[in-house]
**Q** 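Below is one structure. I have some questions about it.
For clarity, every value in this text was computed on a predicted model and none was experimentally measured.
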Amino acid sequence: MRGRSPIFLAALTLVLTSSVVRADAAQPEGDQTKIAEQTTEEARERALAESNEQAARPRQRKQRDASRIPRMSSPTVQVHEQPNHDPVVGWAAALDEPEFSDRRRRMPATELPGGYVDSLRIGERFVFDVYIAGNPAGLAEASVAEYQADPRGEPPQGSGRIRIEGRAVTSGVVSLLTSMEDAMTTWLDAGSGATISNTNRIERSGLGTTKYKKRTTVTEFEGRGSVRVTDTKDVKTTKMTRQVPRDTLDPLAAMAWVRALDLAEGERVSAHVLDGKVLLRLDVVGRGPAKLDPLPSVAVGLGVKPEDVRLVEGTLSWVDRHGVVREDQRTYQFRAFTTQDERRLLLAIETDMWLGVLELVLNRYDPPTAPEATSPL
């Protein structure tokens, strides 16, 4: 090969290449099919081996800490403490009383408002004359309208509900500036007096209608301190949920609760009231016998004597979600005159406003529809 020229080497390469091409071309078609199948099978085996290798690898999380941050609001479910006559021992005792450290900031525990359902008599209706700074301003009324039995039966299987209604209409000097009609409907649990739902409808006209003309606020008390509020101003609707103290009252229930109080002189009680979206704390103190001069004429006609009148005073304070009084909001003062007899007549209410002193004086009283209606259960 040493004596061969480059031209000879090129010619030899060309001959060998052409012979290989002819040899490939001479192969039968069946051999090419087998080669294609073998190549496909090898590719499938390689893909299966790679997938098994990836599956065997440990999964790596992109997020290092997947723990959920607890909500800062109080839970909606609270357990009633009940006496246990069959104590448990051992591991069961440790599970029965777990040593948990609850670091969430909660609203301070307050004593629940006393029962007032017995004072609600179906068919009762109170009508008041409304005065602002001594001037006639309208009419207000409140009534115990209806009792509905629970289809599940009597307690403890079920508990009926009571519907109370309220309505206020402006008139006189105030109506020259703005006219307003405020209608409210509340459903109460007939057993505990807890508010089930409250619907407040306001219709305004005149100079004070720059923000809205019609407003409907529906508050659903879902129990355990959870409420759902749907507020509609004309055509705009907003919804919200919030936590409030247990057994929070609505405005009508708060009025019925104050009316039913029988406090000794100096005795104090408290409750919480949700007025629309505003949470208020209602503090009431008994003042004993008081003089109401003059007595409403309807009270004189019903046989109320001056020595039968009792006075309670109280405050309404804005509080935050933790029960702390808000210093940036005003605290309202009020006085309520009631009778000591079983009728618990609400004779007059006085409270302060930015316009002046608001006074409600009893003008008409409708007794219960039937003697047996004194107790709805």
**Q** Which heavy atom in Leu346 sits nearest to a heavy atom in Ala336, and how many Å separate them?
**A**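 Taking every non-hydrogen atom into account, CD1-CB, 4.3 Å.
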**Q** So which of Asn200, Thr199, Asp231 actually passes side-chain hydrogen bond (donor to acceptor under 3.5 Å, both in side chains) with Thr217?
**A**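 Answer to the side-chain hydrogen bond (donor to acceptor under 3.5 Å, both in side chains) test with Thr217 among Asn200, Thr199, Asp231: Asp231.
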**Q** Apply side-chain contact (heavy atoms from CB on, under 4.5 Å) to the pair Glu181 and Arg167, showing each step before the final yes or no.
**A** CA-CA 7 Å; Glu181 180 179 358; Arg167 179 173 172 267; 3.1 Å; yes
**Q** Is the CD atom of Glu342 crowded by more than 12 outside heavy atoms at less than 6.0 Å?
**A**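 Incorrect, the count does not exceed 12.
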**Q** Can you see which heavy atom on Glu220 is nearest to which on Ser197, and at what distance?
**A**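 Closest approach of Glu220 to Ser197: OE1-CB, 3.5 Å.
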**Q** If you compare all heavy atoms of Asp283 against all heavy atoms of Ser270, which two are closest, and at what distance to 0.1 Å?
**A**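 Asp283 and Ser270 have their closest heavy atoms at OD1-OG, 2.7 Å.
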**Q** Check whether the side chains of Thr237 and Thr232 place a donor and an acceptor atom closer than 3.5 Å, and report yes or no.
**A**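 Looking only at side-chain atoms, Thr232 and Thr237 do form a donor-acceptor pair, the distance falling under 3.5 Å.
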**Q** Is the CZ atom of Arg228 crowded by more than 12 outside heavy atoms at less than 6.0 Å?
**A**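 At most 12 heavy atoms, drawn from other residues, nucleotides or ligands, come within 6.0 Å of this atom.
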**Q** Counting neighbours of CD on Glu307 that are heavy atoms of other residues, nucleotides or ligands and sit closer than 6.0 Å, is the number greater than 12?
**A**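 Enclosed: over 12 neighbouring heavy atoms sit under 6.0 Å from CD of Glu307.
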**Q** Just how far is it from atom CD of Glu203 to atom NZ of Lys214, taken to the nearest 0.5 Å?
**A**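 Reported to 0.5 Å precision, the distance equals 5.0 Å.
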**Q** How long is the span from the OG1 atom in Thr186 to the CD1 atom in Ile162, to the nearest 0.5 Å?
**A**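 One finds 12.0 Å between OG1 of Thr186 and CD1 of Ile162.
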**Q** I'd like to know if the side chain of Thr248 and the backbone of Val273 have a donor-acceptor N/O pair within less than 3.5 Å.
**A**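 A pair under 3.5 Å: no.
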**Q** Say whether, by atom type as modelled, one donor and one acceptor occur between the side chain of Asp234 and the main chain of Lys213 under 3.5 angstrom.
**A**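 Yes, the answer is positive, given that a donor and an acceptor are paired below the 3.5 Å cut-off.
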**Q** Once you round to the nearest 0.5 Å, how far does CG of Leu362 lie from CG of Leu347?
**A**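 One gets 6.5 Å once the value is rounded to the nearest 0.5 Å.
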**Q** Which pair of non-hydrogen atoms, one from Thr331 and one from Ser317, has the smallest distance, and what is that distance?
**A**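 Answer, listing the atom of Thr331 first, then Ser317: CG2-OG, 3.3 Å.
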**Q** Can you tell me how far the CG atom of Asp250 sits from the CG atom of Leu274, to the nearest 0.5 Å?
**A**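 Interatomic distance, Asp250 CG to Leu274 CG, rounded to 0.5 Å: 8.5 Å.
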**Q** Would you please test Trp318 and Leu280 for side-chain contact (heavy atoms from CB on, under 4.5 Å) and show each step?
**A** CA-CA 5 Å; Trp318 290 48; Leu280 303 169; 3.4 Å; yes
**Q** Are Leu295 and Val309 side-chain neighbours, meaning at least one heavy-atom pair lies under 4.5 Å?
**A**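 The answer is yes; the side chains approach within 4.5 Å.
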**Q** State the CD1-CD1 distance between Ile122 and Ile164, to the nearest 0.5 angstrom.
**A**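 So the gap between those two atoms works out to 10.0 Å.
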**Q** May I ask you to say whether Asp366 pairs ionically with Arg364, meaning some side-chain N is under 4.0 Å from a carboxylate O?
**A**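 Salt bridge present between Asp366 and Arg364.
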**Q** With hydrophobic residues grouped by side-chain heavy-atom distances under 4.5 Å, do Val229 and Ile196 end up in a single group?
**A**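 In one cluster: no.
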**Q** Looking at Arg163 and Glu146, is there a salt bridge between them, counting it only when a charged N and a carboxylate O are closer than 4.0 Å?
**A**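 Looking at Arg163 together with Glu146, the answer is yes, because their closest N to O distance falls below 4.0 Å.
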**Q** Please step through side-chain contact (heavy atoms from CB on, under 4.5 Å) for the pair Leu120 and Leu188, ending with a clear verdict.
**A** CA-CA 11 Å; Leu120 299 177; Leu188 303 174; 3.9 Å; yes
**Q** Decide if atom NZ of Lys305 counts as having more than 12 heavy atoms of other residues, nucleotides or ligands within a radius under 6.0 Å.
**A**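 No, NZ of Lys305 has 12 or fewer neighbouring heavy atoms, counting only those of other groups under 6.0 Å.
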**Q** For Gly193, is there any backbone N or O sitting under 3.5 Å from a side-chain donor or acceptor partner on Tyr116?
**A**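 Yes.
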**Q** Taking the side chain as every heavy atom from C-beta outward, state whether Leu311 and Arg335 have any pair of such atoms under 4.5 Å apart.
**A**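 Leu311 vs Arg335: side chains touch.
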**Q** Considering non-hydrogen atoms only, spot the tightest contact between Ser119 and Ala260 and give its length.
**A**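 Scanning both residues completely, I find the closest heavy atoms to be OG-CB, 3.3 Å.
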**Q** Output yes when a side-chain donor or acceptor of Asp189 lies under 3.5 Å from a complementary backbone atom of Ala194, and no otherwise.
**A**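 Checking the backbone N and O of Ala194 against the side chain of Asp189, no donor-acceptor pair under 3.5 Å is found.
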**Q** Using the side-chain contact (heavy atoms from CB on, under 4.5 Å) rule, take Val304 and Arg343 through it: C-alpha gap first, then chi angles, then the decisive distance, then the call.
**A** CA-CA 11 Å; Val304 177; Arg343 295 175 297 182; 3.9 Å; yes
**Q** Would you say that Leu358 contacts Asp352 through its side chain, given a criterion of any heavy-atom pair below 4.5 Å between the two side chains?
**A**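 Leu358 vs Asp352: side chains apart.
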**Q** Phe128 and Tyr365: same hydrophobic cluster, using ILVMFWY side-chain contacts below 4.5 Å?
**A**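 In one cluster: yes.
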**Q** Would you check if Arg125 and Glu141 make a side-chain contact, meaning some heavy-atom pair closer than 4.5 Å?
**A**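 With C-beta onward as the side chain, the pair touches.
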**Q** Nearest heavy-atom pair of Ser192 and Val117: which atoms, and what distance?
**A**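 Between these two residues, the closest heavy atoms are C-CG2, 4.1 Å.
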**Q** Considering only heavy atoms from C-beta outward, does the side chain of Arg204 approach that of Ser179 to under 4.5 Å?
**A**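 Result no, sub-4.5 Å side-chain heavy-atom pair not found.
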**Q** Is the closest basic N to carboxylate O distance between Glu124 and Arg344 below 4.0 Å?
**A**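 Salt bridge between Glu124 and Arg344, a charged N being under 4.0 Å from a carboxylate O: no.
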**Q** Val218, Val278: one ILVMFWY side-chain cluster at the under-4.5 Å cut-off?
**A**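 No, Val218 and Val278 fall in different hydrophobic clusters.
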**Q** When you compare the side chain of Tyr131 with that of Glu350, does any pair of heavy atoms fall below 4.5 Å?
**A**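 Glu350 vs Tyr131: side chains apart.
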**Q** Is the number of heavy atoms from other residues, nucleotides or ligands under 6.0 Å of Met255 CE greater than 12?
**A**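 No, not enclosed.
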**Q** Only one of Val324, Leu316, Thr315, Val319 passes side-chain contact (heavy atoms from CB on, under 4.5 Å) with Arg281; say which it is.
**A**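 Exactly one option meets the side-chain contact (heavy atoms from CB on, under 4.5 Å) with Arg281, and it is Val319.
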**Q** Nearest 0.5 Å, what's the CD1-CZ distance between Ile349 and Phe126?
**A**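 So the CD1 of Ile349 and the CZ of Phe126 are separated by 10.0 Å.
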**Q** Taking side chain as C-beta onward, heavy atoms only, is Met184 less than 4.5 Å from Asn198?
**A**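 Side chain of Met184 against side chain of Asn198, heavy atoms only: contact under 4.5 Å found.
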**Q** Are Leu282 and Val258 packed together at the side-chain level, in the sense that at least one heavy-atom pair is separated by less than 4.5 angstrom?
**A**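 Yes; the side chains approach each other to less than 4.5 Å.
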**Q** Taking a hydrophobic cluster as the set of Ile, Leu, Val, Met, Phe, Trp and Tyr residues connected by side-chain heavy atoms closer than 4.5 Å, whether directly or through intermediates, do Phe334 and Val361 fall within one such cluster?
**A**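 Phe334 does not cluster with Val361.
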**Q** Can you name the one residue among Leu292, Thr339, Leu263, Thr338 that meets side-chain contact (heavy atoms from CB on, under 4.5 Å) with Arg310?
**A**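 So, applying the side-chain contact (heavy atoms from CB on, under 4.5 Å) to Arg310 and each of Leu292, Thr339, Leu263, Thr338, only Thr338 qualifies.
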